[in-house]
Amino acid sequence: MLKLQNEDFLDEVFKSIKRASIFLDRDKLTPDYVPENLPFREEQIKKIASILAQALRNSRPNNIFTYGLTGTGKTAVVKLVTKKLQERAVELKLPIQTVYVNCRQRDTSYRVLADIIESLGGHVPFTGLSLAELYRRLISKLESLGGRFIVILDEIDFIIKKQGDDLLYKLTRINEELKNSSLSMIGITNDLNFIDNLDPRIRSSLGEEEIVFPPYNALQLKSILEDRAKIAFRTGALDEGVIDLCAALAAREHGDARKALDLLRVAGEIAEREGDEKVRKEHVEKARKELEKDKVYEVVSTLPLHAKLILASIVDLTRRGKDSATTGEIFVEYSKKTSELRLETLTQRRVTDIISELDMMGLVSARVISRGRYGKTKVVKLIANLNTVLNALKDDEILESVVDVDK
DNA sequence: CCTCCACAGGAAGCGCAGGAGT
DNA sequence: ACTCCTGCGCTTCCTGTGGAGG
């Protein structure tokens with residue numbers, strides 16, 4: 001009996017997937033897909049290509065610095081151009097290698113260097129070597145391989161913020177020690193103020209060439225989505241106005257093409273799940289909510305324990321009448337929770353840092369204000385969806401007893 | 001005008017993990 | 001086995017500060 005039901009259910013799922021031929025190729029909408037054609041970026045592509053072409057003439061290309069907001073195609077353009085360069089280099093049998101490092105994931109000098117060395121075929125332990133040793137190994141690796149090396153440092157602002165500009169300084173000067181090889185860098189950042197905070201020496205050498213990526217406007221987003229929809233969706237699978245809506249929503253968020261593509265992809269997935277033969281505007285609206293929710297859940301559930309406790313304290317306080325809390329209040333509430341759970345309590349100094357981290361993640365907003373006689377403090381508000389945050393928090397066993405789900 | 005609250009946030013440094021060289 | 005190095009999360013100690021109330 002039960003077995004039969006299961007079979008029915010499974011049949012149902014597989015049938016609906018087979019029937020739903022909304023997508024032709026869903027992967028064409030994922031962020032990893034680098035299309036061969038990047039519209040509205042011809043200028044940037046040309047400029048980067050002409051700079052990197054120096055490598056084909058066996059001289060060192062200038063360092064390049066690209067900046068623009070998220071989803072403006074910086075990474076895609078750089079990856080596309082370097083891919084083409086690499087192909088050409090293979091054809092011409094020229095020793096050119098490109099290395100891509102994402103500095104958000106590898107946010108220490110050590111890991112960035114280790115990554116570069118590893119993608120050149122070297123081996124470095126996870127930790128343990130001195131930085132000087134790493135530089136030495138990098139230099140000897142470059143020299144033994146020989147040729148033109150291009151290192152792409154994506155989201156370069158992350159190492160600077162965490163480590164200062166020492167790494168960049170050393171990397172910009174590494175060429176002085178190289179004889180039969182050279183190293184060029186392509187820095188990518190979406191922090192527009194980043195350059196101003198940079199040491200002028202590094203700035204001049206890293207920014208030998210500067211390339212700006214302006215945000216896409218709604219019309220351009222629309223055209224990008226249309227191009228991509230042609231190869232990703234079956235013809236006629238998109239209802240009228242779906243692309244317009246995705247483009248408009250993403251344009252509102254500083255012309256973020258990645259966001260636009262995510263919206264379209266998730267809307268398609270929702271339509272497919274619901275067994276609809278077309279993607280409709282309602283699906284886009286649901287996709288927007290789902291993307292937001294997923295992001296919040298993901299961020300909250302991967303938080304370290306004490307950050308979760310602090311977030312739980314903020315949630316509790318803001319639900320208890322007022323809509324905001326101060327650092328002092330949060331610290332008191334947090335201390336209560338830790339003693340309840342018989343955990344060590346972090347210092348208030350550390351707690352303020354964690355609150356700032358929560359702020360940077362966009363879960364809360366923390367604004368420093370002065371209340372005159374009553375001191376200067378941070379006013380913290382929860383800005384992520386309350387229920388999503390609560391769900392993520394109570395999924396942690398340790399926190400179960402201190403998070404009250406009921407209203 | 002000055003004071004003084006309730007913190008912010010910088011600087012230094014500590015202890016641990018863990019890999020390399022010896 | 002021992003020393004040396006780094007990253008990481010954290011503490012300790014510290015100086016700085018906007019503005020309401022005196």
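Per chain, numbering begins at 1; letters A, B, ... match sequence-line order.
Between Arg228(A) and Leu261(A), some side-chain heavy-atom pair lies under the 4.5 Å cut-off.
Note: OH (Tyr135(A)) to P (dC5(C)) measures 17 Å, nearest angstrom. Distance Tyr374(A) OH to dT3(B) P: 19 Å, rounded to the nearest Å. At whole-Å resolution of the value, CD1 in Ile354(A) and P in dC8(C) are 16 Å apart. Regarding Phe331(A), its CZ atom lies at a distance of 15 Å from the C1' atom of dA8(B), rounded to whole Å. In this structure, Gln348(A) atom CD and dC10(C) atom P are separated by 15 Å, rounded to whole Å. Atom-to-atom, CG of Leu303(A) to C1' of dG9(C) comes out at 14 Å; the value is rounded to the nearest Å. With rounding to whole Å, Ile355(A) atom CD1 is found 11 Å from dC7(B) atom C1'. The distance from atom CZ of Arg371(A) to atom C1' of dA6(B) is 7 Å, rounded to the nearest whole Å.
Of the candidate nucleotides dG9(B), dG18(C), dG21(B), dG9(B) has the atom nearest to the side chain of Val368(A). Of the candidates dA8(B), dT6(C), dA6(B), dT6(C) carries the atom nearest the Tyr110(A) side chain, counting heavy atoms from C-beta on. Between dC7(B), dG9(B), dG21(B), one nucleotide has an atom nearer to the side chain of Thr327(A) than all others, and that is dC7(B).
Mapped onto DNA chain C by nearest heavy atom, Lys376(A) and Arg350(A) fall at different nucleotides, with Arg350(A) at the one closer to the 5' end. Nearest-nucleotide positions on DNA chain B place Gly372(A) closer to the 5' end than the other of Lys378(A) and Gly372(A).
A donor-acceptor contact closer than 3.5 angstrom links the side chains of Thr338(A) and Thr345(A).
Residue Leu346(A) is classed as a sugar-phosphate contact, given heavy-atom separations below 4.0 Å to backbone atoms only. Contacts of Arg367(A) with the nucleic acid, taken as non-hydrogen atoms under 4.0 Å apart, are absent.
Between Arg373(A) and the phosphate of dC7(B), there is no side-chain N or O to OP1/OP2 separation shorter than 4.0 Å.
In this structure, Tyr67(A) contributes its side chain and Lys74(A) its backbone to no donor-acceptor pair below 3.5 Å.
Among Lys286(A), Arg280(A), Glu269(A), the one residue that satisfies the side-chain contact (heavy atoms from CB on, under 4.5 Å) test with Glu274(A) is Lys286(A).
The base of dG9(B) sits within donor-acceptor range of the side chain of Arg349(A), with an N or O pair under 3.5 Å.
The CG atom of Leu393(A) lies 9.5 Å from the OH atom of Tyr297(A); values are rounded to the nearest 0.5 Å.
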